[in-house]
Amino acid sequence: MAFISFVGMKKTAPKQENIDLVKLSKRIKELRLKSGARNAETFAYDNEIGRAQYARYERGEDLRYSSLLRVIKALGITVSEFFSEGFDD
């Protein structure tokens with residue numbers, strides 16, 4: 001059995017797309033909490049969004065633009081309001 005050493009290996013910077021997904025997830029959660037919805041499952045259920053799918057959005061997993069628009073609508077804000085904070089580089 002071969003032994004693989006990771007000592008001395010450089011860590012690579014996260015890809016920009018991953019950073020952007022993290023920003024999206026943080027913003028979604030922040031706005032959900034700000035709206036008064038303390039429980040993600042209840043928020044998803046109340047807004048007819050799959051609970052497991054919504055949980056993935058808050059974990060920073062990939063999502064379609066149409067899904068993001070649905071979440072933004074459920075939060076009761078505009079797209080401009082959603083992107084007004086948390087996305088500056």
- Query: Donor-acceptor pair, Asn47 side chain versus Ile49 backbone, under 3.5 Å?
  - Reply: no
- Is any side-chain heavy atom of Ile28 closer than 4.5 Å to a side-chain heavy atom of Leu68? yes
- Message: Could you check whether any side-chain heavy atom of Phe83 comes within less than 4.5 Å of a side-chain heavy atom of Leu24, counting everything from C-beta outward?
- Response: yes
- Item | Distance (rounded to the nearest 0.5 Å) between Glu30 CD and Lys23 NZ | 13.5 Å
- Query: Does the side chain of Ile77 reach to within under 4.5 Å of the side chain of Ile72, using non-hydrogen atoms?
  - Reply: yes
- Backbone of Glu41 reached by a side-chain donor or acceptor of Arg51 within 3.5 Å: no
- Task: Return the set of residues passing ring-ring contact (aromatic ring centres under 6.0 Å, His included) with Tyr54 (not counting sequence neighbours), or none when no residue passes.
- Result: Phe43
- Query: What distance do Arg27 atom CZ and Lys34 atom NZ have between them, rounded to the nearest 0.5 Å?
  - Reply: 6.5 Å
- Task: Spell out, yes or no, whether Tyr57 and Tyr45 are grouped together once hydrophobic residues are joined by side-chain heavy atoms under 4.5 Å, including indirect joins.
- Result: no
- Indicate the atoms forming the closest heavy-atom contact of Glu58 with Ser25, along with that distance. O-CB, 3.4 Å
- Applying the 4.5 Å side-chain criterion to the ILVMFWY set and letting contacts propagate, would Val22 and Tyr65 be lumped into a single cluster? no
- Does one hydrophobic cluster hold both Leu75 and Val79, with members joined at side-chain heavy-atom distances below 4.5 Å? yes
- Which atoms form the tightest heavy-atom contact between Gly50 and Ala44, and what is the distance? O-CB, 4.2 Å
- Query: If two hydrophobic side chains count as joined below 4.5 Å and joins carry through other members, does Phe87 share a cluster with Leu69?
  - Reply: yes
